[in-house]
Every structure is written in structure tokens, then in C-alpha cells.
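Shown next, in C-alpha cells, is the structure this report addresses.
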There are 2 protein chains.
Amino acid sequence: MDHDIVLAQLAALADPSRFHILQLLARGSVATSCERIEAFENGCCVGDVVAETGLSQPTASHHLKALEKVHLVRREVRGPWTCYFPNPEAIEEVTARLRSELLPSAPRVDAPQGGCC
Amino acid sequence: MDHDIVLAQLAALADPSRFHILQLLARGSVATSCERIEAFENGCCVGDVVAETGLSQPTASHHLKALEKVHLVRREVRGPWTCYFPNPEAIEEVTARLRSELLPSAPRVDAPQGGCC
DNA sequence: CTATGATATTGATGCTCGTCAATATCGATG
DNA sequence: CATCGATATTGACGAGCATCAATATCATAG
């Protein structure tokens, strides 16, 4: 089902470590140690996440892989580095789906003035 | 921290059962068995969720409580029934926070035309 | 007060997941 | 090939959670 991707993305977003990683990528505030990422790209490598978050290297790698699996980040191998980049479209998609599925699309039926209880 | 509420709301949204409950409430498609809910209110009672989802009564009660804890639904006791109503403001808040925290606010620094790699 | 219908709580169970240590893989460089 | 830096994988552990059965609470009608 196409439905599942939204739930998977929400689950990915709900973890504090992963949310933090996405924040770092979104604000482009990572001074990366990767020689193959230009400043304007707002990307980082696994080691950068380790340095910024204090997570162990396997944990950082694990979370980045999870984020890439639901397309919240884009992954690119550049020589010895694995580079990750934010994917704003995915954020837009999640918020759009949340709104379309969980907000009343049509204006509600007119309610009587007096209330009920 | 005010930060935690967003993560808690995302975690609440990420569960299939809870997401389904919110969908039912959002589209106002629950023909409730509660005598004290008017049609225009788009609310339902615990028993309605049991009937619509097939979950056990304790599980439905548990999920509704969890949704209320993060303000995704509003709770109101009406006689023997506990009634739940959608809270669209919370959905708007979550999506707004997602966008403000995970999307680049300022336009990115101008990138060189040629790309890099 | 008693009985009944509606919901909440408790206890238990199985599963998922976040985390790290240890180890393996992989690319680049001599 | 041998080495080194960067990342991925494996294995294990513990915490949290979704779920249900059984039971308790609570409101209302009689």
C-alpha cells in the first residue's frame, strides 16, 4: 500500500536522534569533514553525524540508512565517504499527506447555533 | 522542552491503529452509537472505535488515551460514554513544526552553476 | 441499593527497535 | 599486496510498546 510509506516516514521522524540529524541537514549547519562535499550542498558524511550527535559510528550509520530507506535523505557514495543530503520534497510530502488525510477536506456540515449539551 | 511534544505527536501518529482512528474522526465517517454525540460533532465513543477497527476494547481505550495525551484528540465524558473529537489545530501544529524545523527557512546560499561532481 | 452497559486499569506476552562493541568491507594510497 | 581511514554489518542486550484477557470502576435506570 502507498499508505505505509507515510507511517514509515512518521516512525522515522519520531526518533530523537533521527529528528536531530534531519535538523542539522535542514539548517545546513554541519561543518563537514568530507572533502567531497561543497558548502552549498548542505550535506554531511557519517563521521560528521557521529561528531555532532555523540552517537556511536554504527548507530549513526544505522539511522542514516533508515532515513534513506524512507527517502527523508538522499545518499551518495563519494570515494571513501558516504554522503547524505536533505530531501525537502519528502518533508513536503509528509506534511501534505498529514493534512489531506487527517484534516476535514470539505467544510463540516453546518452546526446548530445552540450547541447540544 | 517544548520540542518533545512534536516527537511524541509523531510517535502517536506513526502507529497504524492510531492513524486509522484519526482518519475516521477526520472524515467524520463514524456512525456513532453514543446517544450524546450530535452528527455535526464528528465525534465517537470508545465502543465505536472497537466496532470500526476490530481492536479489543482495552486496546481502543489505550490508543484514544494516548492520542489525547498529545492533544491529537479532545476528550469529553458524557454520562456513561467517553467521547473523543478530532483536534485539527494539533494536526496543523505538527505540520507547521515539521516544515519550520526540517525545511530550509532561508533560501540556500547561491550554488555555482557547474555543479561539483 | 442492584443490575447493566460503557470504559478504565492491571498483568502478561511477544515483538520491535535503539544502542553499542566487535568485526568486516571498501576505497585510496604507497 | 599492505595499510589506513571511512563506513557497513553482525550479534547481543535492554527498554518500550501494541495487544489482549481478566478485572475494576463508574454512571444510569429501575
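A note on names: the letters A, B, ... follow the listed sequences, proteins ahead of strands, and every chain is numbered from 1.
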Among residues 79-86 of chain A, which contact DNA chain D at a heavy-atom distance under 4.0 Å?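 When residues 79-86 of chain A is checked for heavy atoms under 4.0 Å from DNA chain D, the hits, listed by number, are A:Pro80, A:Trp81, A:Thr82, A:Tyr84.
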Identify whether B:Trp81 and B:Leu64 are in the same connected component of the hydrophobic contact network (ILVMFWY, side-chain heavy atoms under 4.5 Å).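 No, it is not one cluster - the side chains of B:Trp81 and B:Leu64 are not joined through contacts under 4.5 Å.
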Pair A:Cys44-A:Cys34, side-chain contact (heavy atoms from CB on, under 4.5 Å): steps then yes or no: CA-CA 7 Å; A:Cys44 73; A:Cys34 173; over 6 Å; no
Is the shortest side-chain heavy-atom distance between A:His71 and A:Ile5 below 4.5 Å?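 Yes, close enough: below the 4.5 Å cut-off.
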Within a strict 4.5 Å, meaning less than it, do heavy atoms of the B:Glu35 and B:Cys45 side chains meet?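 Heavy-atom side-chain distance check fails, nothing below 4.5 Å.
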Quick check: does any side chain N or O of A:Asn87 sit under 3.5 Å from a backbone N or O of A:Leu72, one acting as donor and the other as acceptor?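 Here the side-chain-to-backbone pair does not exist.
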Donor-acceptor under 3.5 Å (A:Asp48 side chain, A:Ser33 main chain):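 Yes.
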Show me the pairs that pass salt bridge (Lys or Arg N to Asp or Glu O under 4.0 Å) and involve residues 59-75 of chain B, at least two apart or across chains.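 Checked against salt bridge (Lys or Arg N to Asp or Glu O under 4.0 Å) - neighbours excluded - the pairs reaching residues 59-75 of chain B are B:Arg74-B:Glu76.
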Touch check for A:Cys34, heavy atoms < 4.0 angstrom, all strands: base, sugar-phosphate only, or nothing?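 A:Cys34: no heavy atom of the nucleic acid under 4.0 Å.
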What string of B, S and - do you get for nucleotides 10-19 of chain C, 5' to 3', when a contact is any protein heavy atom under 4.0 Å? --------SB
Which pairs count as side-chain hydrogen bond (donor to acceptor under 3.5 Å, both in side chains) when at least one residue sits in residues 51-60 of chain B, sequence neighbours excluded?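 Those involving residues 51-60 of chain B are B:Ser56-B:Thr59.
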Would you call A:Arg99-A:Glu92 a salt bridge at under 4.0 Å N-O?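 Salt bridge: no.
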On DNA chain D, which is the earliest and which the latest nucleotide, 5' to 3', with an atom closer than 4.0 Å to a heavy atom of chain B?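 The contacted stretch runs from D:dA18 to D:dT28.
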Check: residues 7-24 of chain B side-chain donor-acceptor pairs under 3.5 Å, at least two apart:
| residue | atom | partner | partner atom | Å |
| --- | --- | --- | --- | --- |
| B:Gln9 | NE2 | B:Val70 | O | 3.0 |
| B:Asp15 | OD2 | B:Ser17 | N | 3.1 |
| B:Asp15 | OD2 | B:Arg18 | N | 3.1 |
| B:Arg18 | NE | B:Ala12 | O | 2.9 |
| B:Arg18 | NH1 | B:His63 | ND1 | 3.2 |
| B:Arg18 | NH2 | B:Ala11 | O | 3.4 |
| B:Gln23 | NE2 | A:Glu101 | OE1 | 2.5 |

